[in-house]
**Q** 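Handing you this structure, nothing more for now.
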Amino acid sequence: MLILSGHDIDECLPMEVAIAAMREAFAAVSSNDIEMPERVSIPLGDGSKLALFMPAYVKNSSSVSVKSVTFIPDNGSRGLPSVQSIVQVFDSLTGSPVALIDGSRLTAIRTAAAGGASVQLLARANSHSLAMLGSGTQARAGIEAACNARDIQSIRLFSPTEANARKLADDLSRHEWCPAVRVTSDPDEAVRGADIVWTATTSSVPTFSETSIIPGTHIVGVGSFQPSMIEISPSLFKSASIFVDQVDACWSEAGEVIAARAAGFIDPDDVHELGAVELGDHPGRDHDDEVTIFKSVGIAIQDAVASTIALDAARSRGIGVTVSM
């Protein structure tokens, strides 16, 4: 069995490859070419902590994967990340376990790559400015994905913990692919006038005001994954074109989409899968003044496709550690 660390995943799953992989994954979802049970969520303790289990299989592929995740919001006080995970990969023919992968790094890349896929498919071609709300692992990966998907020339960054935002901006300044990042103390200042707005938080209330959005903006929401989490104002959905990773998953878990429907802002028919755009079954953006939203809760098929690509690259390049069970 091959063990791949977070560093190994960085080597084997570069962002450009990951974005293409997520487009492939979403197309498989919309063409019903997958087996993917609903995510299993187990409350831990008082219910604010969660254990999640996510199996998935692309039909006729060589492997099947299961991701095991824990979400412990107060882990920062322990010096640990709030989200930790591993991905197990099994041979679909023999059932043998073939890989154990650092799921935290894989998740960061594939989640950001999903947002990047939406930028490629939905954002205006001349989108050059990015507003990022959040300063954690997902925010950093999201900035890389946005810069890969469009010619981003300016970035405004907001986090409730400004010190974390400044640390992230300093880290990004060392990379040639990243333009200058300006940290703001007001989320609406970050969002106002941005071509792309990206939220990467676990907030239970909207992270910016609806009035900050200009015509033609593409909004990416990747942080929230429970009905109680709402990063984007539900009222914004009534005047936007809405795309999701999977319709069933979002009606179960996407707080913004659930709240928008409950308030009467949207009907079920208003929500479309991003894979339909990739397959050519939906036109995506109709005009330059249209506001588009991509809401992703993260689905297991993303891990299955990403882990297969990373594993193939690791085998061909001799990366990782092989162990006997």
Side-chain angles (χ1 to χ4, degrees), residues 1-6 9 13 18 21-22 25-26 28-29 32-59 61-75 78 80-92 94-114 136-138 141 200 202 222-229 244-255 257-258 295-311 323 325:
M1 184 172 70
L2 190 63
I3 297 179
L4 299 179
S5 68
I9 295 300
L13 193 64
M22 291 306 97
F26 293 141
V29 169
N32 198 30
D33 199 27
I34 65 169
E35 296 290 347
M36 186 177 67
E38 191 169 318
R39 172 162 40 201
V40 175
S41 176
I42 300 176
L44 304 177
D46 63 3
S48 65
K49 304 173 184 179
L50 298 171
L52 308 168
F53 301 94
M54 304 167 60
Y57 170 61
V58 177
K59 293 176 183 177
S61 65
S62 61
S63 62
V64 57
S65 71
V66 182
K67 185 166 75 172
S68 303
V69 188
T70 56
F71 174 59
I72 313 295
D74 60 355
N75 257 0
R78 302 181 179 94
L80 295 170
S82 59
V83 178
Q84 301 176 83
S85 65
I86 58 171
V87 176
Q88 300 161 279
V89 183
F90 300 84
D91 185 291
S92 62
T94 66
S96 300
V98 294
L100 183 65
I101 297 173
D102 180 339
S104 297
R105 190 62 196 139
L106 187 82
T107 300
I109 294 172
R110 65 80 153 153
T111 301
T137 301
Q138 287 294 347
T202 55
V222 300
S224 60
F225 58 91
Q226 291 285 291
S228 60
M229 298 176 178
V244 299
D245 43 17
Q246 188 197 38
V247 167
D248 289 346
C250 279
W251 285 131
S252 296
E253 299 177 333
V257 179
I258 294 169
K295 175 59 207 164
S296 173
V297 294
I299 53 178
I301 206 67
Q302 295 174 253
D303 304 302
V305 172
S307 62
T308 297
I309 291 173
L311 186 55
V323 298
M325 296 293 289

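Just so you know, these numbers come straight off a predicted model, no measurement behind them.
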**Q** Are the side chains of R39 and F225 in touch, meaning some heavy atoms are under 4.5 Å apart?
**A**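 With C-beta onward as the side chain, the pair touches.
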**Q** Does K295 reach the main-chain N or O of S224 with its side chain, forming a donor-acceptor pair under 3.5 Å?
**A**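 Yes: the side chain of K295 pairs with the backbone of S224.
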**Q** Strictly distance-based, threshold 3.5 Å: is any side-chain N or O of K59 a donor or acceptor partner for the main-chain N or O of A28?
**A**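 The answer is no, because no donor-acceptor pair under 3.5 Å joins these two groups.
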**Q** Using 0.5 Å steps for rounding, measure from the CD1 atom of I101 to the CG atom of L2.
**A**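 Nearest 0.5 Å value for the CD1-CG distance: 8.0 Å.
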**Q** Using every non-hydrogen atom in the two residues, find where A21 and I309 come nearest and quote the distance to one decimal.
**A**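 That would be CB-CD1, 3.2 Å.
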**Q** Drop me the distance from Q84's CD to T70's OG1, to the nearest 0.5 angstrom.
**A**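 It comes to 5.0 Å.
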**Q** If every non-hydrogen atom of A25 is compared with every non-hydrogen atom of V305, which pair is closest and at what distance?
**A**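 The answer is CB-CG2, 3.8 Å.
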**Q** If every non-hydrogen atom of K49 is compared with every non-hydrogen atom of D74, which pair is closest and at what distance?
**A**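 Nearest pair, atom of K49 first, then D74: CE-OD1, 3.9 Å.
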**Q** Does the side chain of D248 reach to within under 4.5 Å of the side chain of E38, using non-hydrogen atoms?
**A**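 No, too far: nothing below the 4.5 Å cut-off.
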**Q** Nearest heavy-atom pair of A112 and Q138: which atoms, and what distance?
**A**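 Distance-wise, the nearest heavy atoms are N-OE1, 4.1 Å.
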**Q** Just verifying a value: how many Å separate S296 OG and M22 CE, rounded to the nearest 0.5 Å?
**A**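 It is 10.0 Å, given to the nearest 0.5 Å.
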**Q** Is a side-chain donor or acceptor of S85 paired with a backbone partner of S104 at a separation under 3.5 angstrom?
**A**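 Yes; judged by distance alone, with no hydrogens or angles, the pair exists.
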**Q** If we ignore hydrogens and angles and just use 3.5 Å, is the side chain of S307 paired with the main-chain N or O of A304 as donor and acceptor?
**A**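 Side chain of S307 to backbone of A304, a donor-acceptor pair under 3.5 Å: yes, one is there.
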**Q** Going from OG on S41 to CG on L52, what distance comes out if it is rounded to the nearest 0.5 angstrom?
**A**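 Nearest 0.5 Å value for the OG-CG distance: 5.0 Å.
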**Q** With a 4.5 Å cut-off on side-chain heavy atoms, are V244 and W251 touching?
**A**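 Answer no - side chains too far apart.
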**Q** Between P55 and A300, what is the shortest heavy-atom contact and its length?
**A**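 The answer is O-CB, 3.4 Å.
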**Q** Do the non-hydrogen side-chain atoms of T107 and Q302 ever get within less than 4.5 Å of each other?
**A**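 Not touching, per the 4.5 Å side-chain cut-off.
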**Q** So V87 and L4, do their side chains get closer than 4.5 Å, heavy atoms only?
**A**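 Answer no - side chains too far apart.
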**Q** Could you check whether any side-chain heavy atom of L80 comes within less than 4.5 Å of a side-chain heavy atom of I72, counting everything from C-beta outward?
**A**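 With C-beta onward as the side chain, the pair stays apart.
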**Q** Checking the side chain of D245 only, and the main-chain atoms of V297 only, is there a donor and an acceptor separated by less than 3.5 Å?
**A**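 Side chain of D245 to backbone of V297, a donor-acceptor pair under 3.5 Å: yes, one is there.
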**Q** Are Q88 and S68 side-chain neighbours, meaning at least one heavy-atom pair lies under 4.5 Å?
**A**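 Touching, per the 4.5 Å side-chain cut-off.
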**Q** For a quick test of reading the model, state the closest non-hydrogen atom pair linking F53 to I42 and the distance between them.
**A**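 That closest heavy-atom pairing would be CE1-CD1, 3.7 Å.
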**Q** For the CG atom of L13 and the CD1 atom of I109, what is their distance to the nearest 0.5 Å?
**A**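 Those atoms lie 5.0 Å apart.
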**Q** Please walk me through it: do D303 and R110 pass side-chain contact (heavy atoms from CB on, under 4.5 Å)?
**A** CA-CA 7 Å; D303 304 302; R110 65 80 153 153; 2.9 Å; yes
**Q** Verify side-chain contact (heavy atoms from CB on, under 4.5 Å) between F26 and I299, making sure each step is shown before the conclusion.
**A** CA-CA 10 Å; F26 293 141; I299 53 178; 4.2 Å; yes
**Q** Apply the test side-chain contact (heavy atoms from CB on, under 4.5 Å) to residues L106 and K67: give CA-CA distance (whole Å), side-chain angles for both, the deciding distance (0.1 Å), then the verdict.
**A** CA-CA 10 Å; L106 187 82; K67 185 166 75 172; 5.7 Å; no
**Q** State, with a plain yes or no, whether a side-chain heavy atom of L50 is found less than 4.5 Å away from one of Q226.
**A**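 Of all side-chain heavy-atom pairs linking Q226 with L50, at least one is under 4.5 Å.
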**Q** Checking S63 side chain against V89 main chain: does a donor-acceptor pair fall under 3.5 Å?
**A**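 Absent.
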**Q** Which value, rounded to the nearest 0.5 Å, describes the distance between I258 atom CD1 and S252 atom OG?
**A**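 Reported to 0.5 Å precision, the distance equals 7.0 Å.
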**Q** Is the backbone of P73 close enough, under 3.5 Å, to the side chain of S82 for a donor and an acceptor to pair up by distance?
**A**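 No; zero donor-acceptor contacts below 3.5 Å.
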